[in-house]
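Since the structure comes first, as structure tokens, the remarks are kept for the end.
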Amino acid sequence: MSTDFDQSTAWIRRAQSDMKAFIEGLAARLEGDVPGMVEVERKKDGFFAKTSHVHSITIHTDNNDYLLTQEGTHISTVRTKTVHGVVLKHEDLPLAAWLESLMKDLGDLSGEMQGASNTLHDFLMG
């Protein structure tokens, strides 16, 4: 019993450490890959600290807004349907479902932009 408990708590500690690095990497990647659609809020690690950490990431797509918030070791992920600044639907999602939905919306947006680019190219070159 004690060994199972020790292994479980060790995995929890490792997952928490990995998650902090994952969120930092996700924020950096999104800021670089989809500028203008992403807002990252960072908080200082202490009053006099020169370092900071990601507190929240907001991604705006055509279909939904995605919010990831990190409070200590707790991470919450929310998807909202917003029209003209009014939230019509608010869903708390598990991280995996949140990421899948975000990837789908970004893929849809990419397809729309690629189609528009191809149409514009054909129009200008044709």
Once you round to the nearest 0.5 Å, how far does CG of Leu30 lie from OG1 of Thr58? 11.0 Å
Pairwise distance NE2(His90) to CG(Leu93) - rounded to 0.5 angstrom: 9.5 Å
Just so I know, are the side chains of Asn63 and Leu109 near enough to count as touching, which here means a heavy-atom distance under 4.5 Å? no
Heavy-atom nearest pair, Leu106 first then Met37, reads CD2-CE, 3.9 Å
Just wondering, are more than 12 heavy atoms of other shown residues or ligands nearer than 6.0 Å to NZ in Lys81? yes
Here the pair of heavy atoms bringing Glu112 nearest to Asp62 is OE1-OD2, 3.4 Å
Closest approach of Glu24 and His53, non-hydrogen atoms and distance? OE2-CA, 3.3 Å
Working to the nearest 0.5 angstrom, can you tell me the gap between Asp108 CG and Met113 CE? 12.0 Å
Can you pull out every side-chain hydrogen bond (donor to acceptor under 3.5 Å, both in side chains) where at least one residue sits in residues 28-39? Sequence neighbours excluded, please. Arg29-Asp33, Glu31-Arg42, Glu39-His60
Pairing donors with acceptors under 3.5 angstrom, does anything connect the side chains of Tyr66 and Thr61? no
CD1/Ile59 to CG/Leu102 distance, rounded to the nearest 0.5 angstrom? 5.0 Å
To the closest 0.5 Å, what do you measure between CD1 (Ile75) and CZ (Phe22)? 7.5 Å
Do Glu91 and Asn64 come within less than 4.5 Å of each other through their side chains, counting heavy atoms only? no
When clusters are formed by joining ILVMFWY residues with side-chain heavy atoms under 4.5 Å apart, either directly or through shared neighbours, do Val40 and Val78 land in the same one? no
Are side-chain heavy atoms of Met19 and Gln70 found at a separation under 4.5 Å? no
Output the distance between atom CD1 (Ile23) and atom CG (Leu95), rounded to the nearest 0.5 Å. 7.5 Å
Could you work out, with side chain to side chain contact (heavy atoms under 4.5 Å, CB included) as the rule, every residue matching His55, not counting sequence neighbours? Glu41, Lys43, Thr69, Glu71
Check whether any side-chain heavy atom of Leu67 lies under 4.5 Å from a side-chain heavy atom of Ser56, and answer yes or no. yes
What closest approach, in Å, do Leu26 and Trp98 show between heavy atoms, and which atom pair accounts for it? CD2-CZ3, 4.3 Å
